[in-house]
Amino acid sequence: MTQILETKKTPRVHLAWAVAVVGFVTLIGAAGFRSVPSVLLDPLHEEFGWSHATISSAVSINLLLFGGISPFAAALMDRLGLRKVVSGALVLIALGSVLTVFMTSAWQLLLCWGLLVGVGTGSMSMTFVATITGRWFVRRRGLVTGILTAAGATGQLVFLPLIASLAAHHGWRVPALVAGGAALAVVPLVLLFLRDYPSDVGLRAYGAPEGSTAGQRVETTGSSAVRAVRALGMAVRRPAFWLLAGGFAICGASTNGLVGTHFVTAAHDHGMPATTAASLLALVGLFDVGGTIFSGYLTDRWDPRFLLIAYYSLRGLSLLVLPSLLGPTAAPSTWVFIIFYGLDWVATVPPTVALCREWFGQDGPIVFGWVFASHQVGAALAATGAGAIRDAQGSYNLAWYLAGGLCAAAALMSASIGRRLVAA
């Protein structure tokens with residue numbers, strides 16, 4: 001294999017960029033469902049009479065599985081390959097979304113939104129990004145991580161206004177079908193064009209020097225689940241893991257769990273039309289695209305710990321002032337929040353991925369899967385907790401203030417992480 005890598009002529013445009021494009025489009029297709037819960041909370045409450053806490057519990061199960069499946073999916077990608085795992089995940093997302101149109105009981109919502117979609121989205125979450133960038137890139141790894149992470153925000157930008165409009169004019173079932181169809185539509189793209197390793201086509205990873213093993217297939221033996229658990233056992237012995245996991249749990253609570261799930265309903269509580277609030281949340285996705293890509297660019301050049309300190313601190317301040325900004329219309333101050341918060345939404349991912357690779361080397365994507373699992377635990381707790389706060393107090397104000405304080409704690413955790421550089 002080494003001889004092939006040294007003798008085959010490198011193409012003008014490295015295949016790594018084509019793999020990144022396929023990954024980007026795939027993540028957009030999978031993001032369709034991520035726009036559904038925030039828009040359909042009220043329609044489901046009105047039709048079935050389920051409480052906001054009950055509906056939010058389905059979102060919480062989804063978020064928990066979204067993270068909990070990630071490290072096992074990363075190990076499974078090493079064992080079975082990207083195409084099999086990702087295409088299977090997309091089918092699960094489509095199935096879970098489409099089956100909701102037939103539900104009549106709350107447990108069926110938990111099964112579809114929670115179990116099926118949770119396993120599907122978790123099997124191709126941020127660990128999919130970490131796996132692609134870890135295998136295919138050495139140079140520009142942070143930038144590509146930012147671009148692929150931004151795919152979720154791009155999907156939100158594409159689907160959220162559409163989902164909200166369809167729900168307003170055609171009821172909640174049509175958006176569920178559209179989200180399922182979007183996931184299913186990208187399966188052929190994955191099967192035809194996604195590749196596992198550069199060495200499979202006689203290449204090194206993009207930017208890898210002569211003689212580097214970056215991008216070469218690593219054969220794995222034994223159970224993928226065992227490997228995922230073994231990587232966790234190694235990681236928990238290092239304080240850096242707990243600091244990264246704790247900060248990322250707060251990241252999930254303050255984004256997907258709170259703002260992603262409850263912003264539309266919170267804005268509606270202040271008299272804002274749901275379609276307007278959904279459009280604002282979609283704009284968060286627009287600015288998140290630029291913010292995350294720029295964060296990836298900075299991660300290639302700056303200490304990722306300092307980036308995390310800045311991101312968490314600024315996010316916390318923005319959440320503390322949000323209750324005073326919401327109203328019947330989108331005032332200029334609301335627009336400032338949308339822009340500011342959007343730039344920071346998932347900017348934490350590239351530096352977190354970089355630190356996982358520094359500390360845990362080849363197991364970095366799997367360890368990041370466990371760190372991402374903590375992200376989703378935080379998101380799940382916030383999704384259910386904020387719904388309970390809304391039911392008990394009639395507003396989300398306490399939830400915003402708690403999230404702001406937690407972000408300050410995440411900044412302190414990030415400041416405590418050391419550096420341990422390893423080979424690419």
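The figures that follow rest on heavy atoms only: side chains count, while hydrogens, waters and symmetry mates do not. Here, residue 1 is the first one in the sequence, and each next residue gets the next number.
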Novice: Checking Phe372 now: which residues fulfil ring pair (Phe, Tyr, Trp, His ring centres under 6.0 Å) with it, not counting sequence neighbours?
Specialist: Phe66, His375

Novice: Tell me, which pairs form a salt bridge (charged side-chain N to carboxylate O under 4.0 Å, His left out) where one or both residues lie in residues 333-343, sequence neighbours left out?
Specialist: none

Novice: Which residues satisfy the ring pair (Phe, Tyr, Trp, His ring centres under 6.0 Å) test with Trp335, sequence neighbours excluded?
Specialist: none

Novice: Scan for salt bridge (charged side-chain N to carboxylate O under 4.0 Å, His left out) pairs involving residues 113-126, sequence neighbours excluded, and state none if there are none.
Specialist: none

Novice: Applying ring pair (Phe, Tyr, Trp, His ring centres under 6.0 Å), name anything that partners Tyr341, two or more places apart in sequence or on another chain.
Specialist: Phe337, Trp345

Novice: Evaluate whether atom CH2 of Trp50 has more than 12 neighbouring non-hydrogen atoms of other residues, nucleotides or ligands under 6.0 angstrom away.
Specialist: yes

Novice: Keeping to residues at least two apart or across chains, list the side chain to side chain donor-acceptor pair (under 3.5 Å) pairs with something in residues 83-92.
Specialist: none

Novice: Does any pair with a residue in residues 308-317 pass salt bridge (charged side-chain N to carboxylate O under 4.0 Å, His left out), and if so which ones, sequence neighbours excluded?
Specialist: Arg315-Asp344

Novice: For Tyr311, give me all partners under ring pair (Phe, Tyr, Trp, His ring centres under 6.0 Å), at least two apart in sequence or on another chain.
Specialist: none

Novice: State, yes or no, whether a side-chain contact exists between Pro350 and Pro304 at a heavy-atom distance under 4.5 Å.
Specialist: no

Novice: Between Ser105 and Gln108 (side chain of the first, backbone of the second, donor and acceptor by atom type, cut-off under 3.5 Å), is there such a pair?
Specialist: no

Novice: Distance check, rounded to the nearest 0.5 Å: Ile250 atom CD1 versus Thr348 atom OG1?
Specialist: 11.5 Å

Novice: Supply the atom-to-atom distance Ile61 CD1 to Leu116 CG, rounded to the nearest 0.5 angstrom.
Specialist: 11.5 Å

Novice: What I want to find out is whether Asp196 reaches Arg135 closely enough, with some N-O distance under 4.0 Å, to be called a salt bridge.
Specialist: yes

Novice: Who pairs with Leu166 by side-chain contact (heavy atoms from CB on, under 4.5 Å), at least two apart in sequence or on another chain?
Specialist: Leu162, His170, Val174, Pro175, Val178

Novice: With no hydrogens and no angle check, is any side-chain donor or acceptor of Thr384 less than 3.5 Å from a backbone partner on Leu381?
Specialist: no

Novice: With a 4.5 Å cut-off on side-chain heavy atoms, are Arg195 and Leu203 touching?
Specialist: no

Novice: If the condition is side-chain contact (heavy atoms from CB on, under 4.5 Å), which residues does Leu314 pass it with, not counting sequence neighbours?
Specialist: Phe340

Novice: Check whether any side-chain N or O of Arg79 sits under 3.5 Å from a backbone N or O of Ala75 as a donor-acceptor pair, and report yes or no.
Specialist: no

Novice: Are any non-hydrogen side-chain atoms of Ser254 and Leu406 less than 4.5 angstrom apart?
Specialist: no

Novice: Can you tell me how far apart CG (Leu143) and OG1 (Thr292) are? Round to the nearest 0.5 Å.
Specialist: 11.5 Å

Novice: Please, which pairs that meet salt bridge (charged side-chain N to carboxylate O under 4.0 Å, His left out) have at least one residue in residues 367-391, sequence neighbours excluded?
Specialist: Asp269-Arg390

Novice: Any non-hydrogen side-chain atom of Trp136 less than 4.5 Å from a side-chain atom of Thr131?
Specialist: no

Novice: Between atom OG1 of Thr26 and atom CG of Leu90, what is the distance when rounded to the nearest 0.5 Å?
Specialist: 6.5 Å

Novice: Examine Tyr206 together with Trp17 and report whether their ring centres are nearer than 6.0 Å.
Specialist: yes

Novice: Measure the CG-OG1 distance between Leu65 and Thr121 for me, rounded to the nearest 0.5 Å.
Specialist: 8.0 Å

Novice: Going by heavy atoms in the side chains, are Tyr401 and Leu320 under 4.5 Å from each other?
Specialist: yes

Novice: When you compare the side chain of Phe360 with that of Val371, does any pair of heavy atoms fall below 4.5 Å?
Specialist: no

Novice: State which residues pass side-chain contact (heavy atoms from CB on, under 4.5 Å) with Cys112; sequence neighbours excluded, sorted by chain then number.
Specialist: Leu99, Thr100

Novice: Roughly how far apart are Leu27 CG and Ile147 CD1, rounded to 0.5 Å?
Specialist: 12.5 Å

